[in-house]
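Read the structure below first, then the notes.
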Amino acid sequence: MAAIFAEIANILEIQESNPFRIRSFRRAAQIIENLSFNVTGTIQKDPGKLRAIPGIGDGTLQKIEELVKTGTCEELEKLKQEIPSSLLPMLKLQNLGPKKISVFWKKLNISTLEELEKAALQQKIRTLPGMGEKSEAKILKAIKNYRQIQGRFQLDDGIEISTNLVNYLKSKIKTNRIAAAGSVRRRRETVGDIDILITCKNSSKAIQTFVQHPDVTQVLASGNTKASIVLRRGLQADLRVLEDNSFGAALQYFTGSKAHNVALRERAKRMGYKINEYGLFKIQDGVKIAGAEEKEIYHLLELSFIPPEMREGRGEIEQADKQELPLLIEQKDIKGDLHMHTKATDGQNSIVEMATAGTKFGYDYIAITDHSQALAMARGLNEERLLQQIEEIDKVSAKIPKIKILKGIEVDILSGGKLDLRDQVLSKLDIVIASVHSQFNLSKMEMTDRICRAMENQYVNILAHPTGRLLTRREPYLIEMEKIIDAALQNRVCLEINAHPSRLDLSDVHCRMAKEMGVLLSINSDSHNLQMLNYMQYGVFTARRGWLTPNDVINTYPFKKLCRVLGKKEYN
DNA sequence: GCCGTTTTCGGCCCGACTGTTTTCAGTCG
């Protein structure tokens, strides 16, 4: 549904329709994408709930209703008749927007990427007003870049690359303050580019140093205060050079998201202020009243400080206005890790090694949860080997009393929702994690039923990585998340946030959905070796983006309380 | 298309960089 509204916006843009109407469609698309409830169900039960969201008006509501009822949208179908659909992908080319595309189409009858390339090669572009030789070269470059498109990167890569850039600049430039902003700071599951902010008296030296980084393959722009580069790995990075007294304002501005910033600037305007990357100004006399520190901006706008992870334009400003933001979970709240593998299956370390490492993280407990027999390629445990492992855990526990070691399993959900081990065996364990590792291409209904049935088993405590997605590599399998969450609630099953940076499943939006429906979560590293225990932080980031507090996450609980939840004696 | 402590009509977030101009339009974030 979000994609349909975005497509309407794109077509209207090429048609040079009213820009504010276009923005409204864009905004509607973004709102729908970020909703923490199911649109189809809500529009039938309680359309007022949607209409009450700022940015959703009568027109959008009507189109949503139409889409739910008929599956199509008359306006979009009409618009599609008016321009060739092959124009739309051209919007993705760098430095090419709706205006130019429209001109190419109308004046040179260009309607595909290939025709555009040909026209540039034949030097026809320069015949148009406002176009020259450089325009042609830029178009050809943009087409080349588009064809080797890199897409988005995992958060862990984004953090690594931005940290390296920050350290590189720190080592070469005299600076008071330097930080990575953007989606890296918001800890989004994937990042599209890197934004670095730096304060420096010698602005041109900072820019020069940046564009001369050894990994630069392309300089997209390089001005007095701003530069954009492409790094060897295909990731774009931007640098902004600032004065000390603007650093906080710039940090706010470039941390975004766009939706959050637009809402914040609208609020500022209503209050008689103007915000930009240099500070907060009074409109009346233009006097700057904040800029050095980010927290001043929120304070002067009469909002409680909004953590970067929440800045997605998902209602956080309204909550901050009422001083009712949730107190988000932090890494230090985590008291244990409930999902990890050992050498017995596809892990690389022993139980002793994992437990010892757990004590170094300051954990009170861990759970050993190796794979079950169906996962043959991981040498999954059958009943006999699982019983042996239980005995071994008892022995290790006696040796390392500092940490509680729960006996567990990550049991496969077979087709039809049956579990891979008998109840009789599962009953001997402290913790049972269920997950799907096979037959990914079932229909939405079949997959949902399969998972819901598995959760009905009385011994299942946690459903692991429910959508099976691998970020930037594998799409999630089709499931109806609302039904899964509801089944979890009915059966007192917790949902896992798999902290592996290529999974992060549940997603932030689904975390919030689960919380709102009253389901508990667990953040697990799914470690297959000692280093992977560090992944816990990414799970915490996602939980924070899903507005979770320690209370929503069972592995922040003291051991006794955790046991009551796992025994299904207590839930919420 | 959306919205209202100035408005049901008339506004709607803000600035940097580039290439083409000779004061600015288009694009981007």
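Below, read A as the first sequence line, B as the second, and so on, with proteins coming before strands; counting in each chain starts at 1.
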Test salt bridge (charged side-chain N to carboxylate O under 4.0 Å, His left out) applied to A:Arg188 - qualifying residues, sequence neighbours left out: none
Letter by letter from the 5' end, nucleotides 18-24 of chain B scores (B base, S sugar-phosphate only, - none; protein heavy atoms under 4.0 Å) SSS----
Whole angstroms only, please: what is the CZ-C1' distance between A:Arg267 and B:dC3? 17 Å
How is A:Leu12 classified with respect to the nucleic acid when contacts are heavy atoms under 4.0 Å: base, sugar-phosphate, or nothing? nothing
Specify the residues of residues 49-62 of chain A, ordered by number, for which at least one heavy atom lies under 4.0 angstrom from an atom of DNA chain B. A:Arg51, A:Ile53, A:Pro54, A:Gly55, A:Ile56, A:Gly57, A:Asp58, A:Gly59, A:Thr60
Would you say the side-chain atoms of A:Arg152 pair up with the backbone N or O of A:Thr190, donor to acceptor, closer than 3.5 Å? yes
Any N or O donor-acceptor pair under 3.5 Å from the base of B:dG1 to the side chain of A:Asn18? yes
Could you check A:Arg185, A:Arg544, A:Arg512, A:Arg187 and say which one makes a salt bridge (charged side-chain N to carboxylate O under 4.0 Å, His left out) with A:Glu309? A:Arg544
What integer distance in Å separates A:Ile283:CD1 from B:dC14:P? 7 Å
Can a salt bridge be assigned to the pair A:Glu293 and A:Arg177 using a cut-off of 4.0 Å between side-chain N and carboxylate O? yes
With the side chain of A:Phe20 defined as its heavy atoms from C-beta on, choose the nearest nucleotide among B:dG26, B:dG15, B:dC12. B:dC12
As a test of reading the structure: which of B:dC12, B:dG29, B:dG26 is closest to the side chain of A:Gln236, going by heavy atoms? B:dG29
Quick one: salt bridge (charged side-chain N to carboxylate O under 4.0 Å, His left out) partners of A:Asp46, sequence neighbours excluded? none
Polar side-chain atom of A:Arg51 near backbone of A:Leu61 as donor-acceptor pair, under 3.5 Å: no
Distance to the ring centre below 6.0 angstrom and angle to the axis at most 45 degrees; does that hold for A:Arg311 and A:Phe305? yes
Under 4.0 Å from OP1 or OP2 of B:dT27: is there any side-chain N or O of A:Asn95 that close? no
Closest non-hydrogen contact found for A:Arg27 with A:Pro54 is NH2-O, 3.9 Å
Are a donor atom and an acceptor atom from the side chains of A:Asn10 and A:Arg26 found within less than 3.5 Å of each other? yes
Do we see a donor-acceptor contact under 3.5 Å between the side chains of A:Lys282 and A:Gln284? no
Which listed nucleotide (B:dC14, B:dA16, B:dG29) is nearest to the side chain of A:Tyr278? B:dA16
Nearest to the A:Ser24 side chain among B:dT27, B:dC2, B:dA16, which nucleotide is it? B:dC2
In residues 240-260 of chain A, what residues come within less than 4.0 Å of DNA chain B, judged by heavy atoms? A:Arg240, A:Tyr253, A:Lys258
A:Arg21 bridged to A:Glu75 by N-O distance under 4.0 Å: yes
Counting any heavy atom closer than 4.0 Å, what does A:Ile22 reach on the DNA or RNA strands: base, sugar-phosphate only, or nothing? nothing
Spacing between A:Glu277 atom CD and B:dC28 atom P, to the nearest angstrom: 18 Å
Distance-only side-chain donor-acceptor flag, A:Thr199 / A:Asp244, under 3.5 Å: yes
Strictly below 4.0 Å, heavy-atom distances to any atom of DNA chain B: list the hits from residues 75-90 of chain A, or just say none. none
Which listed nucleotide (B:dG26, B:dG29, B:dC12) is nearest to the side chain of A:Lys100? B:dG26
Rounded distance (Å) that lies between atom P of B:dC2 and atom NZ of A:Lys269: 20 Å
